[in-house]
Amino acid sequence: MEYLALLKHIFVSNGRYMYILKGLNFSVGVTLLAAVIGVVVGVLIALLRLSNKAFLEKISIVYVDLIRGTPAVVQLMILANIIFVGNLRNTPILIVAGLAFGLNSAAYVAEIIRAGIQGLDKGQMEAARSLGMSYSLAMKEIIIPQAIKKIMPALVSEFITLLKETSIVGFIGGVDLLRSANIITSQTYRGVEPLIAVGIIYLILTSIFTKLMRQVEGRMKNSD
Amino acid sequence: MIKVVDLHKYFGDLEVLKGIDKEIKKGEVVAIIGPSGSGKSTFLRCLNLLEKPTKGQVFIEGENLVDKSVDINSLRQRVGMVFQHFNLFPHKTVLENLILSPMKVKGTSDADAKLIAMRLLKKVGLVDKANEYPNRLSGGQKQRIAIARALAMEPHVMLFDEPTSALDPEMVKEVLDVMRDLAKEGMTMLIVTHEMGFAKNVANRVFFMDHGTILEDAPPLDLFNNPKHARTKEFLDKVLNH
């Protein structure tokens, strides 16, 4: 009973749960924004990689190597402290963070898409072309629908990683789930409970993602 | 119908086809035999530009495949191809496999495409599989569907790249029977095959390929009974007498 009162003190008094709700809102917002940017830019990078033009392929390879070869927190801080300065100083942190995580995620998304398309049996493209389909029609009707099935699980897992990775946004002053736990700790001198609470919220969010993924996979099974 | 002039193909430094000159007339059924690595499949794949000839010319009904101005997609509609590994589209039903290209490429109406598809399924004896997905079919059934799919484009020539090599032995006949019917109807066919009995009985010309050239080109009885080249003889000894 005493512990319940303590929990109530930590999370409910002075409306402290609002920090967590706002943090949750921020984390989910950054993740969604980054996911959209990641998919759009990722598709573009993957297209460059698959273009069969040496120069464009090179751009794509350099981009992926650069992003994968440096820590996300360094990329985040470079974007916030070196690029978004001067006239851009007042850009909302949500936007800066969404862009940073989105550009980061794009490299991984591009690799997932590339692997999905290149992993298909090349006989599929040959069969489509031998029936008179153009390259783009073959991609649309034959390659992409099959590649998506291979790509989806890896893509969802990338979004799960993305959601968890946004927890470093505190480095540039974003108040996300993790920061909200820190704030509550600083007001209540209780370090354990806020962190556990935040951990549970992350777990719930990722479980929802995972569940969605399994449903999608199940639905796509019928033609395998 | 098909004319090949001085066809060469390199993979890197390796010369796979070393100058092939051939003419194939309408209605001819040509079996292409020879040891593996002799360039049989590459030759066949050059005829619909799945491989790009390094040098030389390929004319299909008078149009030069190698010419950049040729509309390769429209040309491929006239040249059907059947692959060793079937290459059916696994995310589409049998019927969808058959109607996709006629509708999207030729602009055939849904009703007409289905009519043609059902007629072809009847021909290959698989009407009851129209709504199945390919993974529910046996190898022999898959290959018969692949033949029907190629025929749905109403091609003038059919290329077969080892159509029975990936099949269990008991399924070879059902596929060869379909091909035999097709030959009887007068379809121009080029068949890369290891089925010597089929080559002997159905083809009216046999090419023996070795090291990137067509070493011998003769009617099947001549080629099988009186091979002119020592290499042909050696090859036939190996495949026939074991």
Side-chain angles (χ1 to χ4, degrees), chain A residues 39 43 46-47 50-57 112-156 212-224, chain B residues 41 44-45 47-52 71-94 96-108 131-136 142 145-155 157-161 166:
Chain A
V39 167
V43 167
L47 286 177
L50 296 166
S51 67
N52 278 329
K53 306 257 189 314
F55 176 68
L56 297 180
E57 278 179 52
I112 290 168
I113 293 175
R114 183 186 65 81
I117 288 180
Q118 290 186 340
L120 283 183
D121 177 7
K122 77 181 185 12
Q124 289 291 310
M125 180 54 110
E126 290 186 347
R129 297 305 304 274
S130 79
L131 288 165
M133 289 187 215
S134 64
Y135 177 81
S136 52
L137 183 61
M139 284 301 273
K140 176 171 162 265
E141 293 290 340
I142 306 303
I143 304 301
I144 290 173
Q146 292 185 65
I148 283 177
K149 275 191 210 174
K150 293 194 179 232
I151 288 169
M152 277 315 279
L155 211 53
V156 173
L212 267 175
M213 170 173 72
R214 300 225 166 100
Q215 271 180 4
V216 173
E217 272 177 32
R219 204 171 307 153
M220 288 192 300
K221 271 241 167 69
N222 61 2
S223 63
D224 269 341
Chain B
S41 287
L44 201 70
R45 289 160 60 86
L47 300 182
N48 70 348
L49 224 59
L50 282 183
E51 299 294 349
K52 206 170 178 303
D71 179 357
I72 184 61
N73 296 327
S74 105
L75 212 147
R76 280 184 177 137
Q77 295 174 39
R78 283 179 267 151
V79 184
M81 181 139 189
V82 173
F83 300 86
Q84 182 178 354
H85 295 289
F86 330 125
N87 297 347
L88 292 179
F89 306 134
H91 60 303
K92 298 199 176 285
T93 64
V94 165
E96 287 165 352
N97 264 275
L98 264 67
I99 63 174
L100 178 67
S101 219
M103 287 176 65
K104 298 278 177 181
V105 179
K106 284 174 94 177
T108 311
N131 295 314
E132 296 279 9
Y133 282 94
N135 69 324
R136 307 264 311 202
K142 281 183 192 166
I145 297 298
I147 294 172
R149 180 179 66 176
L151 290 174
M153 292 301 282
E154 301 178 312
V157 185
M158 284 285 284
L159 309 176
F160 294 85
D161 190 0

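Quick caveat: nothing in here was measured; it's all calculated off a predicted structure. First the proteins, then the strands, lettered A, B, ... as listed; each starts at 1.
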Checklist line | For A:E141 against B:L100, the heavy-atom pair lying closest together | finding: OE1-CD1, 3.5 Å
Note to self: Counting only non-hydrogen atoms closer than 4.5 Å, does B:R45 touch chain A with its backbone (N, CA, C, O), its side chain (CB onward), both, or neither?
What the structure shows: side chain
Check: Among B:T93, B:L159, B:D71, B:L88, who wins on heavy-atom pairs under 4.5 Å with chain A?
Finding: B:L88
Check: Where does B:F83 contact chain A at under 4.5 Å (heavy atoms): side chain, backbone, both or neither?
Finding: side chain
Note to self: Do A:K149 and B:H91 have side chains that approach each other closer than 4.5 Å (heavy atoms only, starting at C-beta)?
What the structure shows: yes
Checklist line | Contact leader toward chain A among B:R78, B:R136, B:K104, B:Q77, where contacts are heavy-atom pairs under 4.5 Å | finding: B:K104
Next item on the list: Would you mind checking which part of A:I142 comes under 4.5 Å of any heavy atom in chain B, side chain (CB onward), backbone (N, CA, C, O), both or neither?
Entry: both
Margin query: Using a 4.5 Å heavy-atom cutoff, which residues in residues 122-132 of chain A come close to chain B?
Written below: A:G123, A:Q124, A:E126, A:A127, A:A128, A:R129, A:S130, A:L131, A:G132
